[in-house]
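Since the structure comes first, as structure tokens, the remarks are kept for the end.
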Amino acid sequence: MTTTTERTMTDERVLSPPARLTLTPAGAPPGLLDGAWWPRSRDLFRELPALTDRLDRCWGRITRVTVHPAHWPVIPPKVPVTGHTVHVGWFTDEQDPHKLILLSHPAGRWDLLVIPPETSAASAARLMTAAATPGSLLTAGRLMDDEDAVRDGAEDRGRESEWDTEGGATPPPLNHGIGLATSIQEG
């Protein structure tokens, strides 16, 4: 995927619906992830303001965000959000493709699983719950791999069930060989 790192900045902020977000409960044992974010698109310029609106209230002012470019076609260097600007960076080798890192100068760092926008609601719900589990040692990539395995298994079971209900099951063998041999001998 080609990544673009420039985008024309405007003073006008693009409005978007509230962020779909789940966070590990405050005071819970730390894990590898602090929650999950399920953006509605792969447009950071549109999606980050809604995310920072939610997080600035509970974590303090978010000043920097890093992403992996594998899932973001355009990575703007700065995104205007309510009351300030967030600087956006990216890493390829150092960062899990399914993770977003948020930095707040006074408060620290948070890591969120990024659930692809096209993910089904059921899969997103499972991923959001797993990513917010206190003390979990599962990485963002591992959670996505596990969910892919669950989805693939469900699809395989669905195809097998459909095959069987549509008459796709193998019928018992018919014993036509005897009748055919008799017909040939009589003729």
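In this chain, residues are counted from 1 in sequence order. Please read all numbers here as calculations on a predicted model, not as lab measurements.
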Any side-chain heavy-atom pair from [X] and [Y] closer than 4.5 angstrom?
{"X": "Asp56", "Y": "Thr82", "value": "no"}
{"X": "Leu23", "Y": "Leu112", "value": "yes"}
{"X": "Val81", "Y": "Leu51", "value": "no"}
{"X": "Trp72", "Y": "Val88", "value": "no"}
{"X": "Lys99", "Y": "Leu33", "value": "yes"}
{"X": "Pro116", "Y": "Met144", "value": "yes"}

Starting from the C-alpha separation in whole Å, work towards a yes-or-no answer on side-chain contact (heavy atoms from CB on, under 4.5 Å) for Arg20 and Arg40. CA-CA 8 Å; Arg20 298 182 291 189; Arg40 290 173 172 79; 3.4 Å; yes
Arg42 and Glu118 ion-paired at < 4.0 Å: yes
Assess whether side-chain contact (heavy atoms from CB on, under 4.5 Å) is satisfied between Val65 and Leu44, documenting all intermediate values. CA-CA 10 Å; Val65 172; Leu44 284 170; 5.7 Å; no
For the pair Trp59 and Trp110, evaluate ring-ring contact (aromatic ring centres under 6.0 Å, His included) and give the outcome as yes or no after the intermediate values. CA-CA 9 Å; Trp59 285 350; Trp110 294 273; 4.3 Å; yes
Measure across Arg109 and Asp34 and return the closest heavy-atom pair with its distance rounded to 0.1 Å. O-OD2, 4.2 Å
Exam field: side chain [X] to backbone [Y], donor-acceptor pair closer than 3.5 Å:
{"X": "Thr22", "Y": "Gly35", "result": "no"}
{"X": "Gln95", "Y": "Trp90", "result": "no"}
{"X": "Arg142", "Y": "Leu137", "result": "no"}
{"X": "Thr63", "Y": "Leu103", "result": "yes"}
{"X": "His98", "Y": "Thr139", "result": "no"}

Using ring pair (Phe, Tyr, Trp, His ring centres under 6.0 Å) as the criterion, list what pairs up with His68, not counting sequence neighbours. none
Do Arg126 and Thr129 pair up side chain to side chain, a donor and an acceptor below 3.5 Å, judged on atom types alone? no
